[in-house]
2 protein chains.
Amino acid sequence: MLQNHLQLTCKLMSDHRQPTPAESLIAAQGGRITRTRVAVLDVLLAADQSLTHDEIAAALAAQGIKHDRVTLYRTLDWLVDVGVAHKMAGDDRARRFGVAASGPHEHAHFHCDRCGKVVCLEGLQPAVAVNLPGGYQLDRAELVLHGACPSCGKDV
Amino acid sequence: MLQNHLQLTCKLMSDHRQPTPAESLIAAQGGRITRTRVAVLDVLLAADQSLTHDEIAAALAAQGIKHDRVTLYRTLDWLVDVGVAHKMAGDDRARRFGVAASGPHEHAHFHCDRCGKVVCLEGLQPAVAVNLPGGYQLDRAELVLHGACPSCGKDV
DNA sequence: GCGCAAATGCTACTATGTTGCAAAACCATC
DNA sequence: GATGGTTTTGCAACATAGTAGCATTTGCGC
Ligand SMILES: [Mn+2]
Ligand SMILES: [Mn+2]
Ligand SMILES: [Zn+2]
Ligand SMILES: [Zn+2]
């Protein structure tokens, strides 16, 4: 933690400014604050749904932030590895990434089966009455609710 | 239903035999009884876990059943479309397929994070205390429990 | 058996993700 | 504010999983 603070001070002292939320998050994981990481986190933090690699790439391109396809993959993997982001394998072939605005990633998700959107349902955890067969060791439960999102539900 | 019965009688009358479980299942969906479909269903019905496309292909090959890669994809998709099988997108890049031995596919799954196995937990449904935000229409809940399976749990 | 719709086999193609390695960027230290 | 070691990036090639079009074969109602 002390070390993370020091990491942040270097760049910030030269810039004479406060760390952005994205920068703080990155530094808190002991990672270097780079253009791509900050931009990706900004995109994910601003999104109200999980985004695919392509959607994030488009968002970066729209901001004029040049980046390589592979770098984006690696950046997203890193965010997942350190626990800042979550990765969801959907029914389509694309994985979707998101960050929980508050704290660690322990919440359910809603998947719209019509438009494919995935949103985080923070504050909703399943009361799983688990009767696991013997020998299985439970680590965590992943709950995905399927149905229609507000925009898709209207046009029924 | 009458039609499905008739479909089955044709092939069976010439063979002078009873329909296998796989054949019944296929006919009940109004599909034609083909070598690949029967063999795939046999494999899935006999499996105690969900299988990837590759694993199923290997099983067919072991039985000497010749088939095309694409045909297997299409067969699996068909089984999922008619509701006989389920498709799970795991964290690795492969989808896994399985059939619930009994009835429709309304149960939780256990995913071993060490060996990647996925098993159906029939008879376990989440008591989801759902407080969905307004506008979301719930269709079904998908619950995946993560942890270590009996074989992987031993070597801790 | 006959004929037609459904299913298959082939080939080529797309989408998504990975690997290895040299160049560039970050940042702790001076 | 420069320096140097380490992390991160860019590039090019590769790998894997799935899809599309179309001619051929097969299942099955008759
Ligand atoms: Mn989430
Ligand atoms: Mn199942
Ligand atoms: Zn929707
Ligand atoms: Zn296991």
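Source: prediction; values computed, not measured. Proteins get letters first, then strands, A, B, ... in listed order; numbering begins at 1 in each.
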If you check every side-chain atom of [X], which of [options] has the closest atom?
| X | options | answer |
| --- | --- | --- |
| Val70(A) | dT26(D), dC26(C), dC11(D) | dC11(D) |
| Asp54(A) | dA17(D), dT16(C), dT6(D) | dT16(C) |
| Arg35(A) | dG10(D), dA12(D), dA15(D) | dG10(D) |
| His67(A) | dG10(D), dT8(C), dA12(D) | dG10(D) |

Would you mind writing out the side-chain donor-acceptor pairs for residues 46-55 of chain B within the sub-3.5 Å range, not counting sequence neighbours?
from     : atom 1 : to       : atom 2 : distance (Å)
Thr52(B) : OG1    : Glu55(B) : N      : 3.1
Thr52(B) : OG1    : Glu55(B) : OE1    : 3.4
His53(B) : NE2    : Arg69(B) : O      : 3.3
Glu55(B) : OE1    : Thr52(B) : N      : 2.7

With sugar-phosphate meaning primed atoms plus P, OP1 and OP2, does Arg74(A) contact a base, only sugar-phosphate, or nothing at under 4.0 Å between heavy atoms?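 Result for Arg74(A) = base.
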So what does Thr71(A) hit on the nucleic acid, given a heavy-atom distance under 4.0 Å: a base, only sugar-phosphate, or nothing? base
Is it the case that the side chains of His146(A) and Asp113(A) hold a donor-acceptor pair, with the cut-off being a distance below 3.5 Å and no angle test?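 Side chains of Asp113(A) and His146(A): pair found under 3.5 Å.
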Mark yes or no for a side-chain to base donor-acceptor pair under 3.5 Å between Arg93(B) and dA17(D), with no hydrogen or angle criteria applied.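 Per atom types, no contact qualifies.
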Ignoring hydrogens and angles, are the base of dG9(C) and the side chain of Arg69(B) linked by a donor-acceptor pair under 3.5 Å?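 No, no donor-acceptor pair under 3.5 Å.
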Does the His111(B) side chain pair with the main chain of His109(B), one donor and one acceptor, at a distance under 3.5 Å? no
Distance in angstrom units between Asp91(A) CG and dT19(D) P, rounded: 11 Å
